Each structure stands twice: as C-alpha cells, then as structure tokens.
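These notes concern the structure reproduced below.
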Number of protein chains: 2
Amino acid sequence: MNRPMRSRRQATLASLAAELGVSRTTVSNAYNRPDQLSPELRKRVLETAKRLGYAGPDPVARSLRTRKAGAVGLLLTENLSYAFRDPAAVGVLEGLALACEDAGVGLTLVPGSPGNEDVAAVHRAGVDGFVVYSVPDDDPHLEAALQRPVPTVIVDQPQLDGMDRVGPDDEAATVDLANHVVGLGHRQVGVLCMRLSSDRNDDFASLYRQQDAHYHVQRARLAALQRTFEAAGVSWESVPVVERFDHHVDDGASAARQLLDKHPRVTALICTSDILALGALAEAGRRGLRVPADLTITGFDGIGEATRAGLTTVHQPVLEKGKAAGKLLLGAGDRVASKVITLPTELRVGTTSGPPRTAEQHWFGP
Amino acid sequence: MNRPMRSRRQATLASLAAELGVSRTTVSNAYNRPDQLSPELRKRVLETAKRLGYAGPDPVARSLRTRKAGAVGLLLTENLSYAFRDPAAVGVLEGLALACEDAGVGLTLVPGSPGNEDVAAVHRAGVDGFVVYSVPDDDPHLEAALQRPVPTVIVDQPQLDGMDRVGPDDEAATVDLANHVVGLGHRQVGVLCMRLSSDRNDDFASLYRQQDAHYHVQRARLAALQRTFEAAGVSWESVPVVERFDHHVDDGASAARQLLDKHPRVTALICTSDILALGALAEAGRRGLRVPADLTITGFDGIGEATRAGLTTVHQPVLEKGKAAGKLLLGAGDRVASKVITLPTELRVGTTSGPPRTAEQHWFGP
DNA sequence: CTGAAAGCGCTAACAT
DNA sequence: ATGTTAGCGCTTTCAG
C-alpha cells in the first residue's frame, strides 16, 4: 500500500460537519472564508479534519459548483517529442507554466497525437480554456477545442481570423535573416525546413509543396526566403529545400547530408530552426567543411545551445511567448475583440555566417 | 469576441434531452455507450447537440460523478526554470506525458515554488494521483500531496519508506564514474554540485553541508565520490566542492571559475549534472585549458548536448524514468506493497576525460 | 457568525 | 433499447 490506510470511506465535508455538529457551510467557510467564523471554531474544524484524514474540499466537486476548473489546457498536437525536445517549444511551455503559476491555476497537457483523430481527450479535459500551440492549419483537435465553451488562444500557428493569437512576425524576421545572407554575397543557397504537412516527406520539397504547406510558420518563412532571394536575383526554383518530418538534431544532419550530396556547390544552408541548424553544423564537421569559410549555416529561434555554438540565428522570446499566451487566456474575461500579440525578434549574427568561398578558393573536402 | 456567440446559456445534457424529448440517460449513452441505443437515435442526438452548440458532457460534472479526474498531477517544487531548462528533467516530463497519453489522461503541472509555503495548489488540483519529481526531503508540497486520498509516486527523490519510487542507483552509478576518473590517475579533483539545501549557497560546500544535504540525489552522489576517492587514498577533506543554487550552464561556468581560481592544480572536475559540466567546459575553454589534456571534466545524465560535446558522463534513461513513473501511478490500483523501480545507468566515456597532465607538462594557461 | 435549502451537470443502478 | 431515481461533494444565497 503506498498510502496510509484509510478507514472505510474517505471523509467528506458533510461527514466532517456531522462529526463536529456544525453545518456544512461552516466547514466550507473554514477553508474558503476564514473571516466568516471564529478563529476557535476554525481551529476546531481544521483539527478534526486532520484527525479524520480530510484534506480539504474535493477539488472536482468544488469546480463543478464554482464553474471553474482551475486549470488551463495546453494542446500539443505535434507528437510530444517535438514539444519536449526543442528548447524553443519547451520555453513556450515554461512561460505558460509561469503565467499559470502566477494565476494559481494548473496547466494541463492535453494529449492528442498527430493523425490521431481521437479528439476525446480535448472534450474530457477539465479546463477553463485552451492554449493551442503550433498545430497545422486544419487540426481536428483545435476544432474540438473551439467547440468547447471556453476561450482559446493560439500560439504561433495556425493564423485564424478572429482568434486570439501570439507569435512573432515570422515573415519579417526571416526577411532580415535572408538579407544578412544575401548581403554576405551568397547566391547558391539551400534550405532545411521542418514538416510542411502531416504526410511524411523526408526529401526535397517541391515549390508547390512549399506554398501549400499546412503549417503557417514554415510557409511564412519559406515565402520570406523566396521573396528576398528572388529580389536578389536568385530564382527560387533553383534553390533546393529539404524537408524533415521529425525534428531532432539528427534530422538536421541527415537533411544537410541529403542536400549537400546533391548540391555540393551550395555556400549557405538556411535552416528554419536551430535544431536543424545544429544538425547541419554537425554534418558540416563530419564532411570537413569549415564553417563559415566553406559553408554558412543559419538557424531560427535562438535556443541556448545555438548561442553556445555561435550559430547565426533569429532569436525569439519564447518564454515571453508562453507567458503572453497565458496572460491573454487568463485575462480573457469578456473581452469583445480578439487580440493578436506580435513578439519582437532579433537577428543574432554569430560565427557560422560569413562570405561565400570564392570560386578560386581551394576546397578542403574529405 | 474570441468565441462564437452562444445563445444565452450553455446547453447541458438535460436541456438537450428535453429538446429531444428523451431521457438524460439516452443522451449520456449517446456519448458514453454508443451500443446502448439505436444508431438512428444516436445520430439524432448528436445532430441536435451540434445544432445547440453542445460539445458533449461537461468534464467536471462527469469527473465528480465517476470519481475520476482523468488527469495526473506532476508536482515540481523546484522553480520551474529548473524543470524546463534541464533536458534531463524535460525528458522525465516527456516520458510521463507519453505514459499519460497512452492512458488517455491529462497531465497537470501543479505549481509550487520552492520556499513558497502555499500548498493550496496541491489541494485544489483535480487529479487522480501525483507524480512528485525531485523535491527536497522535507517538502511541504509533497506532504500535502500525501494528505490527498490519491496515490503518489516519487521520481528520484526523496527516498521515503513505503512509497512508490522510480530512479537510478545514484550511488552505484557515481562509483563507476569515480572509478573511471581514479583509474585515469586523477588524485587532485574538484566537484561541482547542485543545490544541497533550500538556503542558497553559491560557494564551497563544507563536508557537513554535503552530508546534511536535503536532496537525496546530491547527497548520494557526493557520498559515492567520497567513498571512492578515499578508497584511492584521497582525503575528501581536501577535495573542493562548489555548490550552485541555480542550474544553468552559466552556473556551471561560474562554479568552475570559482573552483579553479582557488585550486588551479586540480586535474579533474566532476560535475553532478551535465548542465554544470557544460558550463565547466565553457569556462575551461575561456581559460585556454585543453580538455582533457589539461583538465578532465565529467557530467551526469547523458543529455543530448552533452553527447554532442563528447562529454564523459553517466547516462540515465530519463524518458523511461518518466514513463515508468506514469505507469506505476496509473496502474497503482489496489496494489498492496509499495514498489521501487531502479533504472539502469551507463557510464559513457567521451572525449573530455583522460589522464592528468603530469607535473613536468607545460601548462598552457592564459 | 451559523444554518437550511437548492442545485452545479452528470452517470449508474435499477427498472421497464 | 430507453426511462426513473438517486446522488457524487461542494458552495452559495438567504434567513436567522
């Protein structure tokens, strides 16, 4: 037995009141409105409670009565390992958790695997609202959350009219980054990006697939790259874009390998996340390519490990993102208009970007 | 307005039944026991529900009735940034989340700042059980959880008699690691460790403080080091141990700095976590110390970044740890005996440990 | 300061 | 296959 033995049935507020010979109101007040009864009586109540092993009013019953669950739900439709393995995602989680802690409410992770049409968990979650983090444009779990009579705020994606949302300006941030790369002189570039759709494609992504991506964030970043490079005279058709369904460092490495194998003359690898960039960095090392002398590599997010690795990247305030989402939700009240919060980003030039190797330069490959 | 307008009051199961002219049972069955009513009727129910904007039975009311909250609580007494910034902790979280997802229950993060005596959140959480992750030996939140009439399992620490627990054998794992360092020939070593008590001490930790640590894990690791090094003829009194209250890479760096400033002849730095070790690595680099030629550095946990950095460390299966805790809790049922699950660990020798520099070797300091 | 009464919205026997 | 009945444990007016 991993709990102390309990005599028969668990004590309830009513049984405690009976034992004490007072009304249930009084016991309830002892817990919820200490000022409504004499200190002595309150003390007596609390002592008897302890003696009976009564730990206080049942949270669920209280929630039913007060119509407040005392928790917000976080909907993570990506498979969990995405949410937990990317420090950028974890940062959002942390920020949200902080906001919840401030408000004294719990944060409930609501399961919902991608592709899994089982929306039941969304319906069964006892929460006062949902934060939906980075799900595809047409996610059934999101739809289910919207059905529930509680407020919902979206983080990053999708971008839906009339919905509360918080996220960076992916397009503008990416344009900055792209201009940096263009400014260094790169014209032969490659791109590593994350999942563009719920069907797996660990391969090059066609232009159509890029533009049709079900994930707004990736779509926006790719579009920004396209726009900036075409403005610099680079035909986007000629730019190889490799996609990865999963999102670990190893995936970045394999994507870089795939891209460089086919396009060895590329001088810069632009990655839509730091995780992918970290993998690309590893692959570059494996190939004996010097960064940035032989290859420029950039990321997106500004996670700690990227900073430590000197990665050129776009930093976004992930903690603030989570916090903002929490505050928005918790303060939703009876707001009339929907609110969109755009977070600032910052281009952080590190040691992984530099001018392209010139044609005459000797290539120090393996 | 971030939600579609709802007519007056939210529909309930009862109002839906009334509208349909059927009993509440029937409506309930339509959601919970589809086989208990004709497909046509069920279809009619669901359609009317949609028309009325009824998203299904209220989770809280259902929980009250069924006596199942449908969620497990995770008690993180460390400040949240510890839980979220250390991939080892996040791994536990992920494993637990996976186990919960499997079981179709939510995972509720229950706030409880350290030092914060506000145990209310623990009492207010609507959960069917608690997983308590790595809290100090005498944590009030843990006590509060134990008060509640639900099962509890502890991850890592504290080690309490008669309680379900899952964690590695910290002592044995550390002995292995220490033997590796001893075997390389190191006799002048230093240690960087995590918080030993809830009072902040970002400084050297006395022998007394080490042995009196309120955190079982740190205590066990330090004790194992002491035992192993004394067996090798090293007086533990002479071994500097620097403690850090917070747990970020920068803390590891500053701890290493503090230690090396005072004890420059140390040839190995044993860190009780990878995070600290990563910081030590950075500091070594800053000082121009070559690792492992000038300084051996070891960690503990086996997080991804450590692997990528080639750190010699003890790997523990954090994901499994979380999963095991979840399964243990979810399967608690009416088990009679308490269960303790000890997870395997593995010494992973990387490129950061080697023989000590010999006295004659030139020291390439700054 | 304390008590009595009235549900919150739902499910689970137990009928029919 | 559907309905009737009886609460789950609590909070909250409203009276005393």
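Note that the structure is a prediction, hence the values are computed from the model and not measured. Letters A, B, ... are given to chains in the order of the sequence lines, protein chains preceding strands, and every chain is numbered from 1.
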What is the distance from [atom1] of [X] to [atom2] of [N], rounded to the nearest Å?
| X | N | atom1 | atom2 | result |
| --- | --- | --- | --- | --- |
| A:R124 | C:dG9 | CZ | P | 19 Å |
| A:Q36 | C:dG3 | CD | C1' | 13 Å |
| B:L37 | D:dT2 | CG | P | 6 Å |
| A:K68 | C:dG9 | NZ | C1' | 16 Å |
| A:L20 | C:dG3 | CG | P | 10 Å |
| A:R67 | D:dC10 | CZ | C1' | 13 Å |

Original post:
Looking across every strand, which nucleic acid part, if any, lies under 4.0 Å from A:V60 by heavy atom: base, sugar-phosphate, or nothing?
Top reply: nothing
Answer yes or no: is there an ion pair linking [X] with [Y], defined by an N-O contact shorter than 4.0 Å?
| X | Y | value |
| --- | --- | --- |
| B:D156 | B:K321 | yes |
| A:K323 | A:E94 | no |
| B:D58 | A:R67 | yes |

**OP:** Check whether any side-chain N or O of A:T26 sits under 4.0 Å from OP1 or OP2 of C:dT2, and answer yes or no.
**Re:** no
**OP:** Please report the closest heavy-atom contact between A:V27 and A:L20, naming both atoms and the distance.
**Re:** CG2-CD1, 4.4 Å
Original post:
For B:R42 and B:N29, does a side-chain donor sit closer than 3.5 Å to a side-chain acceptor?
Top reply: no
Original post:
Can you list every ring pair (Phe, Tyr, Trp, His ring centres under 6.0 Å) pair that touches residues 64-86 of chain A, not counting sequence neighbours?
Top reply: A:Y82-A:H247
**OP:** Could you check which of C:dG3, D:dC8, C:dT2 has an atom nearest any side-chain atom of B:L64?
**Re:** D:dC8
**OP:** Go along nucleotides 10-16 of chain C 5' to 3' and tag each nucleotide: B for a protein heavy atom under 4.0 Å from its base, S when only backbone or sugar atoms are that close, - otherwise.
**Re:** BBB----
